[in-house]
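To keep things clear, I will list the structure first and then write my remarks on it.
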Amino acid sequence: MKCDKCSASAILFQRYSGLHLCTSHFISDVEKKIKREVRKEKIEGTLAIALSGGKDSAVTLSVLNDLLSRRGVDMIAISVDEGITGYRERALESAATLVAELGIRWEVASFEQYFGVRIDQVNERPCTVCGILRRSLLNRLAKAVGASALATGHNLDDEAQTVQMNYLRGDIDRLLRLDHPAKEGLVRRVKPLKYVPEKEVALYAILKGIPINLDECRFSAGVFRAEVRDMLNDLELRHPGTKYSLVRGLGRILQLTTRSPFELGQCTRCKEPAVRTFCQSCEVLEKLRSTDLDRTI
Ligand code: SF4
């Protein structure tokens, strides 16, 4: 099969666009989608990039480095070691290779250092704890390096799942918080891969020879998310473009809404941003200390 844009052989058929693409046109298609998001965000000064060592964050860092470093944006990769034996060490090795190749400053911090806990020790809902603590630590690290924005590697599949999960739960507050502007104490998040499907991120990383870690964490990413992922994959197969429509649809709702998505105060314990008296990290740590920690590890 030929590429629909030139005479080279196609390597991919995009069902949602109806296009067969060769390597070169596929790569420019991915980069075009990323550039469009980056242009909207008007990034200046220092940009922190959350780097896990997996495909999504590695592609984010690599493309943003090409796009922004020559425009005077100071790029700093930040990584979090959650304390998951046998998994995070290998992912951080891939991250180390990438930052060395790109010559980018890299900061790494662990849950153990900041919160005195490892995910290995958490018996109940480790993914929930991990997500809350990771968000908090990334925000602290981004502030510590003086970043005006924090780029994360969320791809189209991640975003569509999160939007759909919040609709299904009826959690409109959380839905409105997904694309928040900068707030006091909360570094603005940007998601350059938001419109790039997960499979295309993986293919892009392989074709560009970007070092990535493909290991899966031994904790599952949550039963509900897995059900929503399967449901959306099935819908996408039968109705190409479903995931894009979900994410784009939320973007349009947010443009229309005049309501401020949330008010932030300060956690009375750690002084980080909080919607209630304590921030989510302090709440979850308090619960862990009283009930859940496996102290044998
Ligand atoms: Fe953390 Fe769960 Fe992801 Fe593992 S699967 S890194 S525990 S959120």
Side-chain angles (χ1 to χ4, degrees), residues 48-61 77-96 98 106-142 150-166 169 171 174 177-178 189 191 193-194 198 201-202 205 211-230 232-233 279-285 287-289 291-294 296-297:
I49 301 104
L51 179 66
S52 69
K55 64 182 187 322
D56 303 303
S57 62
V59 166
T60 304
L61 179 62
I78 55 177
S79 299
V80 167
D81 178 353
E82 302 93 340
I84 305 170
T85 307
Y87 167 66
R88 187 50 74 208
E89 299 93 326
R90 281 200 295 276
L92 289 177
E93 281 168 21
S94 296
L98 180 61
W106 185 35
E107 302 289 337
V108 186
S110 69
F111 284 179
E112 203 158 20
Q113 267 173 283
Y114 274 76
F115 305 120
V117 67
R118 297 173 55 82
I119 290 300
D120 278 341
Q121 298 172 285
V122 177
N123 297 316
E124 216 179 293
R125 306 210 299 163
C127 285
T128 305
V129 175
C130 185
I132 290 171
L133 296 185
R134 192 190 310 109
R135 266 195 303 280
S136 170
L137 187 44
L138 284 174
N139 191 60
R140 291 177 198 215
L141 292 173
L150 167 63
T152 62
H154 293 89
N155 60 47
L156 177 66
D157 292 61
D158 299 325
E159 285 298 283
Q161 286 158 22
T162 305
V163 172
Q164 186 62 23
M165 284 164 71
N166 285 311
R169 285 179 173 138
D171 196 340
R174 195 174 289 256
R177 288 205 295 261
L178 283 179
R189 294 282 177 112
K191 298 172 183 171
L193 304 187
K194 188 171 165 181
E198 182 171 18
V201 178
I212 52 173
N213 179 274
L214 292 170
D215 293 351
E216 296 263 337
C217 174
R218 69 173 181 279
F219 298 105
S220 99
V223 176
F224 187 44
R225 181 172 285 272
E227 284 173 358
V228 170
R229 178 196 62 209
D230 293 347
L232 290 178
N233 285 344
C279 67
Q280 276 192 306
S281 309
C282 284
E283 284 177 354
V284 94
L285 288 168
K287 185 163 179 284
L288 281 177
R289 286 186 191 113
T291 57
D292 188 67
L293 274 192
D294 182 346
T296 61
I297 295 173

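Excluded from the calculations below are hydrogen atoms, water molecules and symmetry mates; all remaining heavy atoms, backbone and side chain alike, are included. Ligands are counted one by one from 1 in listed order, and the atoms in each one are counted from 1 as well.
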Counting heavy atoms under 4.0 Å, the part of Arg134 that contacts ligand 1 is side chain
Honestly, for Cys127 the part within reach of ligand 1 (heavy atoms, under 4.0 Å) is both
N-O pairing of Asp120 and Arg218 below 4.0 Å = yes
Quick note on ligand 1: atoms under 4.0 Å from a heavy atom of Phe219 include exactly 5 (S), 7 (S)
Sorted by chain and residue number, the side-chain contact (heavy atoms from CB on, under 4.5 Å) partners of Asn139 (sequence neighbours excluded) come out as Lys143, Leu186, Val187, Glu272, Pro273
Hits for side-chain contact (heavy atoms from CB on, under 4.5 Å) against Ala160, two or more places apart or cross-chain, chain-then-number order -> Leu232, Lys243, Leu246, Val247
* Asked: Can a salt bridge be assigned to the pair Glu82 and Arg88 using a cut-off of 4.0 Å between side-chain N and carboxylate O?
  -> yes
For atom 4 (Fe) of ligand 1, does an N/O/S atom of Cys217 lie at less than 2.8 Å?
-> yes
